[in-house]
Amino acid sequence: MAVFFAGPLIIIVLLIVLLSAALFVVPQQQAYIIERFGKFLKVQFAGIHIRIPFVDRIAMKTNMRVNQLNVQLETKTLDNVVASTQFRVNPNDVAPAYYELRDPAGQLRSYMEDALRSAIPALSLDDAFARKDDVAFDVQKTVGAEMSRFGFTVVKTLITAID
């Protein structure tokens, strides 16, 4: 009699294990990149989803919230310029953001440093203080155009200090 109940019990346990491996929940303000056999399949946003166990895998969990990066730069005419930029992954470009850049913050930092080096040294210290909003807008526009190619949106750039 015990053998009669063991077979269906094992099948039920296996079905529960497979179902729990197939279902996954993506939290609010996140996106999961799903790969099938190592190749990009799709992007899943917040909610409950299903995948094929052992075939599909969650390759990356991407944060969709706004991130902030602070950059401190020494220039020829000024001691230090500190800039902050806020950026996020564009919801329509989650896959390119993951597959194109290995270190998005590092790339963003490089673009910001380049843009600041070209904008700030041409200004005197007084002009830099007076035009810091214009410089921030120019940096945001330049850096935003470069980062948009990789699936990122630059939300805001601020010059927070000029020493």
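- Residues passing the ring pair (Phe, Tyr, Trp, His ring centres under 6.0 Å) test with Phe137: none are found, sequence neighbours excluded.
- In terms of hydrophobic clustering, with Ile, Leu, Val, Met, Phe, Trp and Tyr side chains grouped at heavy-atom distances under 4.5 Å, Val139 and Val66 are assigned to different clusters.
- In this structure, CD on Gln44 lies 11.5 Å from CD1 on Ile33, to the nearest 0.5 angstrom.
- In this structure, the side chains of Thr157 and Val143 stay at 4.5 Å or more apart for every pair of heavy atoms.
- Here the closest heavy-atom approach between residue Asn63 and residue Gln29 is recorded as OD1-O, 3.7 Å.
- Between the CD atom of Gln28 and the CE atom of Met64 there is a distance of 10.5 Å, given to the nearest 0.5 Å.
- Judged as a salt bridge (charged side-chain N to carboxylate O under 4.0 Å, His left out), not a single pair has a partner in residues 84-110 (not counting sequence neighbours).
- In this structure, Ala97 and Gly151 approach most closely via the heavy-atom pair CB-O, 4.1 Å.
- Val17 and Val25 fall into different hydrophobic clusters, where Ile, Leu, Val, Met, Phe, Trp and Tyr are joined by side-chain heavy atoms under 4.5 Å apart, directly or via other members.
- A pairwise comparison of heavy atoms in Ser148 and Ala145 identifies OG-O, 2.9 Å as the closest pair.
- Tracing side-chain contacts under 4.5 Å through hydrophobic residues (I, L, V, M, F, W, Y), one reaches Phe45 starting from Phe40; they form part of the same cluster.
- Asn70 and Gln68 are linked by a side-chain donor-acceptor pair at a separation below 3.5 angstrom, with hydrogens and angles left out of the test.
- With rounding to the nearest 0.5 angstrom, the CG atom of Leu108 is 11.5 Å from the CZ atom of Phe150.
- Under the 4.5 Å side-chain contact rule for hydrophobic residues, Leu158 and Val154 do not share a cluster.
- By the rule that hydrophobic residues join a cluster once side-chain heavy atoms approach within less than 4.5 Å of another member, Ile52 and Ile50 end up as members of separate clusters.
- Hydrophobic cluster membership of Phe24, counting Ile, Leu, Val, Met, Phe, Trp and Tyr whose side-chain heavy atoms lie under 4.5 Å apart directly or via other members: Val26, Tyr32, Ile34, Leu41, Ile58.
- Contact annotation: the side chain of Val43 never approaches that of Tyr98 to less than 4.5 Å [non-hydrogen atoms, C-beta and beyond].
- Side-chain contact between Tyr111 and Thr142 is absent, with no heavy atoms from C-beta onward closer than 4.5 Å.
- Apart from Leu9 itself, the hydrophobic cluster it occupies contains nothing, where clustering links Ile, Leu, Val, Met, Phe, Trp and Tyr at side-chain heavy-atom distances under 4.5 Å.
- Sorted by first then second residue, the salt bridge (charged side-chain N to carboxylate O under 4.0 Å, His left out) pairs that include residues 49-59, not counting sequence neighbours, are Glu35-Arg57, Arg36-Asp56.
- Considering only heavy atoms from C-beta on, Thr85 stays 4.5 Å or farther from Val71 through its side chain.
- Contacts classified as salt bridge (charged side-chain N to carboxylate O under 4.0 Å, His left out) and involving residues 142-159 (residues at least two apart or in different chains) are given here: Glu146-Arg149.
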